[in-house]
Novice: 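Handing you a structure now.
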Amino acid sequence: MLSTPFFVFCLLLTTALIGVAGEYFKPFNVSYDHRAIVIDGHRRMLISAGIHYPRATPQMWPSLIAKSKEGGADVIQTYVFWSGHEPVKGKYYFEGRYNLVKFVKLVGSNGLYLHLRIGPYVCAEWNFGGFPVWLRDVPGIEFRTNNEPFKREMQRFVKKIVELMREENLFSWQGGPIIMLQIENEYGNIEGAYGQKGKDYVKWAANMAVGLGAGVPWVMCQQVDAPEFILDACNGYYCDSFRPNSKKKPMLWTENWDGWFASWGGAIPHRPVEDLAFAVARFFQRGGSFQNYYMYFGGTNFGRTSGGPNYITSYDYDAPLDEYGLLSQPKWGHLKDLHAAIKLCEPALVAADSPQYMKLGPQQEVHVYRGNITQGLTTAFSTSKSVCAAFLANIDEHKAADIEFLGQVYTLPPWSVSILPDCRHVAFNTAKVGAQTSIKLVDFNLPSSKMNVPQPLTFQDEVTYIANDWMTLKEPIGLWSKNNFTSLSIMEHLNVTKDKSDYLWYTTRLYISEDEISFWEENEVSPELSIDSMRDLVRIFINGKLSGSAKGDWIKVVHPIQLVQGYNDIVLLSETVGLQNYGAFLEKDGAGFKGRIKLTNSKNGDVDLTESSWTYQVGLKGEFQKLYTREKAESVRWMKLTPDATPSIFSWYKTYFDAPVGTDPVVLNLGSMGKGQAWVNGHHIGRYWDLISPKDGCRPCDYRGAYSSEKCTTNCGNPTQIWYHVPRSWLQRDQNLLVMFEETGGNPYKITINTISAQTICGRVPETHYPPLHIWGHPDFINGKISINDMTPELHLQCEDEHTISSIEFASYGTPQGNCQNLSKGNCHAPNSLSVVSQACQGRNSCSIAVSNDVFGDPCRGIVKTLSVQARCLPSSFARSASM
Ligand SMILES: *[C@@H]1O[C@H](CO)[C@@H](O)[C@H](O)[C@H]1NC(C)=O
Ligand SMILES: *[C@@H]1O[C@H](CO)[C@@H](O)[C@H](O)[C@H]1NC(C)=O
Ligand SMILES: *[C@@H]1O[C@H](CO)[C@@H](O)[C@H](O)[C@H]1NC(C)=O
Ligand SMILES: *[C@@H]1O[C@H](CO)[C@@H](O)[C@H](O)[C@H]1NC(C)=O
Ligand SMILES: *[C@@H]1O[C@H](CO)[C@@H](O)[C@H](O)[C@H]1NC(C)=O
């Protein structure tokens with residue numbers, strides 16, 4: 001099957017030969033020309049998958065990389081997270097989720113390349129953009145400009161990473177997977193703020209990077225003034241009109257935003273896959289050669305790693321692999337088909353120096369790539385072969401278009417691209433999705449103590465709370481240790497906390513005279529506490545009682561307070577919820593309070609409290625005691641929490657729980673809680689918050705037309721996040737410790753632990769759909785013995801690994817209607833539909849069914865038939881016991 005010239009050629013290009021032990025590839029050099037990245041002498045069209053290693057666990061990495069490869073990726077792209085690798089200045093950390101070497105080696109051992117974006121500023125919706133917070137304390141430092149202290153620190157870290165990679169033989173010329181690096185990140189977006197110093201910094205950064213002798217190309221993204229020896233690249237939703245700043249550089253897309261991140265209290269953005277595929281196809285159509293999905297897997301902002309302002313713990317990003325590493329369908333599958341179609345075009349795309357352009361209508365255009373293949377052929381097939389690939393685009397947002405190309409008419413749906421790997425037959429259209437849909441459900445909470453007892457499948461519908469026993473402890477309000485200190489000023493939050501905690505207590509004492517009280521009573525006014533500017537959250541306590549809270553991003557806060565005659569304790573708790581990660585002058589942004597803090601409506605006008613005596617306390621007592629560790633949690637005295645206790649603020653909760661059986665990803669439902677942080681067996685699973693997104697604002701989504709992050713949102717009127725990922729590798733079978741710190745009051749007795757899996761999968765393929773892309777590699781097709789017109793489309797269904805199709809819940813070949821979970825037969829229906837599909841699929845992990853009259857008979861002549869199927873996937877162990 002592979003003994004064809006076409007395939008031999010592809011093999012030589014794509015499966016870089018695995019080398020000797022310790023090397024993942026035979027050493028190869030990477031360069032580029034105006035058309036593409038050149039790998040070992042060959043131009044390549046590269047699909048890259050963005051995965052940030054610390055947003056998953058090392059135990060998840062193999063499967064994420066394997067699923068990226070199966071989805072058609074050639075390259076994995078990641079940032080390097082300085083704050084994680086150098087948490088304390090000069091003390092490096094490369095273990096656990098920060099084991100960069102292990103991650104890079106895994107990418108190599110899977111036969112994929114790596115694009116390592118060192119930055120070291122990375123943005124990434126990561127705390128402080130990836131900078132360690134100690135960096136702002138380096139004397140005289142100004143970030144990301146021509147500033148000696150900054151340049152010294154930046155160079156030290158970048159050099160450290162490059163040398164680590166070289167010592168481990170991870171560069172391509174050493175037989176490793178690294179083909180490209182990146183210095184800085186989207187600096188062009190803010191460069192103007194720095195004037196000439198910014199321009200000098202760009203030159204310095206470029207020279208410094210190249211001077212490290214890494215031996216592979218460096219990229220600067222969003223950098224129109226990148227020097228000649230550095231690649232510039234585009235980030236955005238669309239990059240087909242991007243042109244590099246030199247005729248000698250190829251067109252690279254470092255960040256294709258295939259979704260977007262979410263903020264506490266916001267809706268959840270989605271990007272329709274038809275539009276995403278359109279953007280990718282348009283990019284390759286118009287000369288692109290490297291495209292990376294930001295993100296292919298988004299994952300989770302564990303601990304306090306999420307950036308700000310106010311980004312949520314999930315970094316799902318609506319990526320092709322969801323937060324838990326499960327396939328997001330049809331996104332993953334449709335892109336897999338797209339990648340296969342682009343790969344079929346690769347010989348022509350790399351053979352041509354530039355496409356032939358044809359405008360075929362007001363909003364219709366064709367790009368044709370033609371060339372002769374002479375390199376890479378074995379002697380048996382040493383004749384030159386001419387190749388041709390074409391991309392047909394209809395950019396019209398509303399109307400389909402018929403366009404004539406090389407004597408044939410092609411119908412293009414609105415806002416779509418058809419890909420013709422042989423300039424004749426359509427292999428793929430971006431708007432026609434043949435891939436399955438998956439609906440993920442949360443259930444199967446079986447405590448492992450019942451593991452060996454066969455369970456009825458109805459068990460899944462019961463709500464099972466994580467525990468029947470909870471213990472609690474109060475967190476003190478205000479000062480709790482000798483580490484408190486006093487200052488006659490309002491100090492900047494990060495200057496005090498060094499971001500060791502989200503929390504900083506400011507306490508002061510205020511004397512109120514009898515006169516003052518009478519003045520308020522007589523004038524029927526109450527005093528107000530006024531803060532000129534504040535981020536991200538403040539809680540105001542007066543005489544030990546919570547008086548109010550405010551949240552925002554440098555907002556003015558004016559809050560009425562109740563004071564008594566005599567001394568009043570005023571306690572302000574300033575909280576960060578992810579440090580700012582984007583913008584110029586990050587080191588100056590800081591957190592907490594700015595300007596003056598005053599008492600207004602006082603008898604003699606405003607009382608300025610800014611220079612009062614303020615006593616400071618960093619963090620929470622429980623946090624610094626490490627209450628969340630098993631050792632500490634067991635050594636302090638907790639109180640029993642009764643199920644009917646009234647919710648209390650500033651409390652710690654503790655329980656033990658059994659892990660759900662099986663291998664499906666595990667989530668906690670924290671929907672019953674307010675705001676706080678949670679730890680499982682000492683692992684910080686992240687911040688949680690119950691903020692609800694605005695009710696209005698989610699609209700039905702149409703894939704057609706330019707995308708923006710507000711265009712297609714869901715979850716309006718609901719809490720932004722209730723499910724929190726607990727990686728399997730952090731769990732043991734039973735006696736898992738869950739510790740939570742809760743600020744606003746919640747009910748831990750309502751917390752559930754669940755597993756997530758794609759239980760319902762649906763496929764819908766019309767008989768007019770394209771045949772599966774693998775047939776393009778079939779020798780009979782290549783030799784012209786069979787025509788593509790003789791091939792039938794297929795409906796493909798696949799459960800996740802270790803899951804089995806347990807039943808077919810719906811199947812109709814004819815004119816079925818409705819969407820997944822709401823399917824119905826139409827007027828035309830082949831009566832054998834269910835039995836044919838059940839026979840082919842039931843009991844298997846995956847199955848394919850040809851969509852044609854040959855299989856089902858013809859239930860209605862002259863009408864276009866569609867096969868629509870809904871199937872149920874169960875963990876293979878359940879499916880087996882269910883059928884017993
Ligand atoms: C890569 O390039 C270097 C410098 O030109 C050369 O010495 C080396 O042999 C090349 N390696 C390979 C594998 O082509
Ligand atoms: C391919 O080769 C043929 C014959 O050598 C030549 O006529 C033709 O121009 C070549 N096509 C391209 C696109 O280079
Ligand atoms: C605050 O610090 C002072 C000075 O170290 C100490 O005397 C006092 O006990 C501390 N307060 C608390 C509540 O620990
Ligand atoms: C933070 O502390 C540094 C050094 O102590 C000081 O120079 C700087 O002004 C402080 N920043 C703010 C915003 O107070
Ligand atoms: C289910 O499908 C029917 C027919 O296709 C449609 O009329 C109905 O609105 C759908 N119901 C839901 C809940 O989507």
Side-chain angles (χ1 to χ4, degrees), residues 49-68 70-71 76 97 103 125 258-259 261-262 268-270 293 295-303 305-306 312-333 335 436-446 460 466 659-671 678 680-681 683-688 714-715 720-731 736 751-761 798-803 845 873-876:
I51 298 177
H52 295 154
Y53 50 96
R55 283 176 159 143
T57 56
Q59 291 77 8
M60 293 167 71
W61 294 342
S63 145
L64 298 175
I65 294 166
K67 285 173 174 176
S68 304
E70 194 189 340
I76 301 291
R97 287 185 292 121
F103 181 77
E125 290 74 66
D258 51 15
F261 52 90
I268 304 292
H270 299 275
Y293 294 100
M295 303 298 301
Y296 197 77
F297 162 83
T300 309
N301 295 312
F302 295 115
T305 61
S306 70
I312 67 170
T313 293
S314 167
Y315 198 63
D316 182 86
Y317 218 87
D318 197 30
L321 299 178
D322 74 9
E323 177 173 6
Y324 318 105
L326 303 176
L327 306 185
S328 255
Q329 294 280 40
K331 203 169 230 184
W332 183 86
L335 295 177
Q436 75 182 41
T437 297
S438 298
I439 310 249
K440 283 172 199 140
L441 294 177
V442 177
D443 68 20
F444 286 109
N445 173 23
L446 290 187
Q460 71 211 35
I466 190 167
V661 290
T663 55
D664 288 340
V666 175
V667 285
L668 285 178
N669 182 341
L670 299 181
V680 170
N681 295 330
H683 298 278
H684 195 330
I685 65 168
R687 298 186 186 95
Y688 65 84
T714 59
N715 205 41
T720 306
Q721 183 173 4
I722 58 168
W723 300 109
Y724 294 83
H725 185 204
V726 183
R728 275 275 175 194
S729 59
W730 292 354
L731 292 169
N736 293 287
I751 294 173
T752 66
I753 184 154
N754 306 77
T755 57
I756 289 207
S757 67
Q759 282 179 39
T760 301
I761 59 175
Q798 182 162 18
C799 302
E800 287 282 341
D801 296 346
E802 295 178 57
H803 289 70
N845 168 261
C873 294
L874 287 182
S876 300

Novice: Working to the nearest 0.5 Å, report the span between CD1 of Ile312 and CG of Asn301.
Specialist: 8.5 Å

Novice: With a 4.0 Å cut-off on N to O distance, would you call Lys331 and Asp258 a salt bridge?
Specialist: no

Novice: Could you go step by step and tell me if Ser306 and Arg687 meet the side-chain hydrogen bond (donor to acceptor under 3.5 Å, both in side chains) rule?
Specialist: CA-CA 9 Å; Ser306 70; Arg687 298 186 186 95; 3.2 Å; yes

Novice: Will you find, in the side chains of Thr57 and Arg97, an N or O donor that is under 3.5 Å from an N or O acceptor?
Specialist: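 There is no such pair between these side chains.
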
Novice: What distance do Leu321 atom CG and Ser68 atom OG have between them, rounded to the nearest 0.5 Å?
Specialist: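 One finds 5.5 Å between CG of Leu321 and OG of Ser68.
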
Novice: Using the rule given for side-chain hydrogen bond (donor to acceptor under 3.5 Å, both in side chains), can you reason through Thr714 versus His270, listing the C-alpha separation, both sets of side-chain angles and the distance that settles it, and then say yes or no?
Specialist: CA-CA 8 Å; Thr714 59; His270 299 275; 2.7 Å; yes

Novice: If we only count heavy atoms from C-beta on, is the Val667 to Val726 side-chain gap below 4.5 Å?
Specialist: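 Not touching, per the 4.5 Å side-chain cut-off.
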
Novice: Distance alone, cut at 3.5 Å: any donor-acceptor contact between the side chains of Ser729 and Gln59?
Specialist: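 Yes, side-chain donor-acceptor contact under 3.5 Å.
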
Novice: Please tell me whether Thr300 and Glu323 have a donor and an acceptor in their side chains that are separated by less than 3.5 angstrom.
Specialist: yes

Novice: Below 4.5 Å, heavy atoms only, C-beta onward: do Cys799 and Ile761 meet side chain to side chain?
Specialist: yes

Novice: If I take atom OH from residue Tyr324 and atom CG from residue Asp316, how far apart are they, to the nearest 0.5 angstrom?
Specialist: 7.5 Å

Novice: Let me see the working for Leu441 and Ile756 under side chain to side chain contact (heavy atoms under 4.5 Å, CB included), right down to the final yes or no.
Specialist: CA-CA 6 Å; Leu441 294 177; Ile756 289 207; over 6 Å; no

Novice: Checking side chain to side chain contact (heavy atoms under 4.5 Å, CB included) for the pair His725/Val666: CA distance, chi angles, key distance, verdict?
Specialist: CA-CA 6 Å; His725 185 204; Val666 175; 5.8 Å; no

Novice: Report the distance from atom CG of Leu874 to atom CG of Asp664, rounding to the nearest 0.5 Å.
Specialist: 10.0 Å

Novice: Rounded to the nearest 0.5 Å, what separates atom OG in Ser876 from atom CG in Asn845?
Specialist: 7.0 Å

Novice: With no hydrogens and no angle check, do the side chains of Gln721 and Ser314 hold a donor and an acceptor under 3.5 Å apart?
Specialist: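 Short answer, no.
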
Novice: Run the ring pair (Phe, Tyr, Trp, His ring centres under 6.0 Å) test against Tyr317 and tell me which residues pass, sequence neighbours left out.
Specialist: Tyr294, Tyr315

Novice: Can you tell if the side chain of Thr755 reaches within under 4.5 Å of the side chain of Val442, non-hydrogen atoms only?
Specialist: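 Not touching, per the 4.5 Å side-chain cut-off.
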
Novice: Do the non-hydrogen side-chain atoms of Pro727 and Phe302 ever get within less than 4.5 Å of each other?
Specialist: yes

Novice: Can you confirm whether Asn754 sits close enough to Trp723 that some side-chain heavy atom of one is under 4.5 Å from a side-chain heavy atom of the other?
Specialist: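 A side-chain contact exists here, since the closest heavy-atom pair is under 4.5 Å.
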
Novice: Return the CG to CD1 distance between Leu668 and Ile466, rounded to the nearest 0.5 Å.
Specialist: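 Output value for this atom pair is 5.0 Å.
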
Novice: Give a yes or no on whether Glu802 atom CD has more than 12 heavy-atom contacts from other residues, nucleotides or ligands under 6.0 Å away.
Specialist: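 Result for CD/Glu802: open.
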
Novice: In a check of side-chain hydrogen bond (donor to acceptor under 3.5 Å, both in side chains) between Glu800 and each of Lys440, Lys67, Gln759, which one passes?
Specialist: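 Going through Lys440, Lys67, Gln759 one by one, the side-chain hydrogen bond (donor to acceptor under 3.5 Å, both in side chains) with Glu800 is satisfied by Lys67 alone.
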
Novice: With sequence neighbours excluded, tell me which residues meet ring pair (Phe, Tyr, Trp, His ring centres under 6.0 Å) with His683.
Specialist: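 So His683 forms a ring pair (Phe, Tyr, Trp, His ring centres under 6.0 Å) with Trp730.
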
Novice: Side-chain contact, heavy-atom cut-off 4.5 Å: Leu326 with Pro665?
Specialist: yes

Novice: Grab the two heavy atoms, one from Gly671 and one from Ile722, that are nearest each other, plus how far apart they are.
Specialist: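 It is CA-CG2, 3.7 Å.
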
